[in-house]
Q: 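One structure follows; several queries about it will come next.
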Amino acid sequence: MDIIVCLKQVPNTAKVKMNQDGTLLRAGVPSILNPCDHFALAKALEIKKKTGAKVKVLSMGPSQAAEVLRLALALGADEAYLLCDKAFAGSDTWATAYALSRAVKKIAPFNLILCGQMAIDGDTAQTGPEIAGQLNIPQITFCTDIELKQKDTLLATKLIEGGHQILEVSLPVLITLTTPHNFALPYPNFKAIFEAQQKPLFTWTPNDIEADVSKLGISGSPTRVVKIYPPAPKQKGQVLTLSAEETAAKIVKILQEHKVVK
Amino acid sequence: MQKIDALSRKLMAESLRHYAKENLPFDTLRQYDGENYFPPQKVKEIYKDLGINLLLIPQEYGGLASSTSDIYRVCQELGRIDLGIATAIFATFLGSDPINVGGTEEQKKYWFTKMARENLLVAYGATEADAGSDLVALKTRAEQIIKDGKITHYKINGSKMWISNGEIADLYTILALTPGGPSWFLVPKDTPGFTQLKHEDKHGIRLANTAGLCFENVIVPAENLIGLKEGQGFLQAQAVFGYTRLMVGALALGAGQEAIENAIVYANNRVQAASPLSHKQGYMHKLIVPHYIKFEAARAFIDKTAKILDINNHGQATEGAIAKYYASRAANSAADDAIEAFGGFGYTKDFPVEKIKRDVKITCIYEGTSEIMEMTIYRGRWQEHLKTRGNFYLDMAREMENIKETDLGAKALALGLKALSEVLEECRLNRLTRHQYITFELGRLIANAEVAFALVKQAKSGQVVEGCPFNINIIKTMARVNAKNVSLDIALAGAKLVNSALEIPSEKDFYITEITKESVGLVKDMDALSIVLRDMFRN
């Protein structure tokens, strides 16, 4: 069994502030492994523990992104791959998914690809599904749990409105995972951190993954960001503290005034 | 042998931080602080879960053989969590140091393997009632027991006090006088005749167990004499002073930073007279900004010294003293101002700053008080001043003058270093160092000058040191402010110091006029730093 987990290094948005122009104020903001990806990695390592699966981790980013790969190796991943080159810079989700899918083909074989549901810096939730699309394999998104049923079947618990849906799927498949609120993300001990220094971490350029550079970076990205702005703050709501009947009558009156009801 | 790299150090600090967040939140720490107790099992859990105790154990015996740089990063992070727990862990490091420095291969193999496998808590037993900073007054004795003309055992009698992990350690390294002189012995907890006294009721670091030890005819085998040679004890203790004091500096740095960061977060949220406290210039320039500048100066100095110790292993006694002295004083005044910054809230036990203030005082006391540090620093550098005929600080001043960049405070610091050299020279010519008070004050001026020098050099390098939360431009501003402040202090305090012990005023002016002019722009720089800090901890 071979599992590939896609990871992204992101600014810790719990500590991020915005500039007036809507861009991120990054000074002094530490970078972390995207929490959903961290959870996906934890699930992959659970499967490894049970089945002896090989876990390979993949990321695209500046050389600094090797930090999250090293963290993954310390947590138990076997091999790490970093796509790092100027040609990748500025890629949107489509170009990123193209690059990652090329890398997946190069890393193959694989039975399972795990991605975080979305990155906390962009919040698009597009890259995972786009990788599946470009690899032409099935996908299940928004999962909170996965369990290997047999050698080539997997049960995925998908978060849906009002509950969960359990889906059975045959491998290979791409799953995107979202962290359940009570899940404590694992961190490695000192010895594992030290030993991870010896594990293989490869840096790849577009050449290594035989990628078409015209499909990478800003020029290869169909998305154009026109403007980023914070949504206008909501007006303070009106609170009614009358009796139930009076409140109901008042609400109906307000709705009529706004022509919501006749 | 493979070394721990910078990225691993960062990951270790992160793992430690997350561990503390999950397992040691403030409310838990506060409860233990109130109870004056922290279960020894919890310290062992930290060892077991994180493997932090493996740092000082050589790789061949199951450890990680970390360098000084590795340990200082971890100590700094521990200082942020709780100085009591940090002390318990540090005591294990300290306790195993004599084995590292003086142990035979066989001793290392046996004891380090045991420590790594069994997560042993270790205690370092040097201090006695009459032998604190003056270890020569040591009274605990180890008599030889001879059988068939061979020393087979030692019989230890005496007592120790203020021993960290005193009540709870599994293994003790004890300094005792043998016929051949002071020597270290390994004494397991359950050795007959060895008793541990009650845990002290301390002002701070209440999560650290501190107790006295009693030895009544305690018999240990001769192979428990570290290095199997009598009389090596002081050498073994002194060899690591530079290192251990550097670590206390790192612990203090962590605690101080934690106090001030708590204060900034509070200041961002506390609105008075229509704006947050963090927007008030007087508040920030008095209570917050100066401390963070000192932390970065301390970090630059500790990092520089750690890198030297990574290569040389031992020595750096003066630098270790400077690091401990400077960082512990900076952290204490920061913790004090953090309470002030919190106003009434800071005076309650509901906020961490009150506890940090009590805890951090110990960093000015253990491993040598601040006054012992002033003496050590003065002695070390006075020799250099004499040896170089007054050129020690003039050479450093020239190095500053050669820096082309005008935004690092190098020019101001060059003047300050020249002033320092002049102060030392006036003290020499007028034999002023016969006054102990003057030597202490010289120790202070020297420490400030050398730390400022390290920060300017770091700013000049264009690279921030590991663990520094700022970019290089902010470090440049900090280096500039610090250099100006330190130089002015050297000139003014130095002039006062020299003249205060003379009958007729000195003819030297200690560059006061020139240095005073260098103060131009200080407020503007402080304003800029104030905004950086405010934004960094905005939530």
Side-chain angles (χ1 to χ4, degrees), chain A residues 7 9-20 23-33 35 38-39 41-42 57 59 61-77 80 82 182-199 201 203, chain B residues 1-23 46-57 59 62-66 70-71 73-74 77 116 261 264-265 268 292 464 467-474 531-539:
Chain A
L7 307 175
Q9 188 182 43
V10 292
N12 188 352
T13 49
K15 295 187 175 175
V16 145
K17 297 104 203 173
M18 309 299 273
N19 287 315
Q20 296 265 317
T23 55
L24 292 179
L25 180 71
R26 281 176 180 264
V29 179
S31 295
I32 56 167
L33 170 58
H38 200 151
F39 175 64
L41 174 67
V57 287
S59 186
S63 58
Q64 196 206 348
E67 290 179 7
V68 297
L69 293 176
R70 185 74 86 69
L71 172 63
L73 292 170
L75 281 167
L82 175 65
N182 55 354
F183 188 87
L185 295 170
Y187 285 89
N189 67 37
F190 285 19
K191 192 154 189 147
I193 292 170
F194 179 64
E195 283 166 356
Q197 290 180 188
Q198 298 283 52
K199 289 188 177 177
L201 195 163
T203 304
Chain B
M1 190 184 66
Q2 206 197 358
K3 291 191 168 146
I4 296 173
D5 64 18
L7 181 47
S8 288
R9 280 194 282 276
K10 190 176 176 202
L11 292 175
M12 285 174 182
E14 276 171 17
S15 276
L16 193 50
R17 209 171 305 145
H18 284 283
Y19 184 88
K21 205 171 147 194
E22 289 286 319
N23 301 287
I46 300 174
Y47 288 4
K48 193 173 134 279
D49 295 345
L50 281 172
I52 198 169
N53 52 325
L54 301 179
L55 286 175
L56 230 77
I57 297 174
Q59 282 171 23
L64 302 174
S66 52
D70 307 330
I71 305 266
R73 283 293 302 282
V74 170
E77 209 54 50
E261 287 175 14
I264 305 173
V265 171
N268 272 332
Y292 232 113
V464 301
C468 168
F470 303 105
N471 67 35
I472 192 67
N473 289 326
I474 296 163
I531 291 168
V532 167
L533 288 171
R534 176 174 99 192
D535 284 346
M536 204 161 143
F537 298 98
R538 203 166 63 193
N539 56 0

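Please read all numbers here as calculations on a predicted model, not as lab measurements. Below, each value reflects all heavy atoms present in this structure, side chains not excepted, and no hydrogens, waters or symmetry copies. All chains are named by letter (A, B, ...) in the order of the sequence lines, taking the proteins before the strands, and each is independently numbered beginning at 1.
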Q: Select one option (side chain, backbone, both, neither) describing which atoms of Glu195(A) are under 4.5 Å from chain B's heavy atoms.
A: neither

Q: Is it the backbone or the side chain of Lys10(B) that comes under 4.5 Å from a heavy atom of chain A, or both, or neither?
A: side chain

Q: With a 4.5 angstrom heavy-atom cut-off, is it the side chain or the backbone of Asp49(B) that approaches chain A, or both, or neither?
A: backbone

Q: Distance check, rounded to the nearest 0.5 Å: Asn53(B) atom CG versus Lys48(B) atom NZ?
A: 11.5 Å

Q: Please round to the nearest 0.5 Å and tell me the distance separating atom CZ of Arg73(B) and atom CG of Leu16(B).
A: 11.0 Å

Q: Hey, what do you get for CD1 (Ile4(B)) to CD1 (Ile71(B)), rounding to the nearest 0.5 Å?
A: 7.5 Å

Q: Could you have a look at Val532(B), Asp5(B), Leu54(B) and say which one has the most heavy-atom pairs with chain A under 4.5 angstrom?
A: Asp5(B)

Q: Once you round to the nearest 0.5 Å, how far does OG of Ser31(A) lie from CG of Asn12(A)?
A: 8.5 Å

Q: With a 4.5 angstrom heavy-atom cut-off, which part of Val74(B) approaches chain A: side chain, backbone, both or neither?
A: side chain

Q: Do you know which of Val57(A), Val10(A), Leu7(A) makes side chain to side chain contact (heavy atoms under 4.5 Å, CB included) with Leu33(A)?
A: Leu7(A)

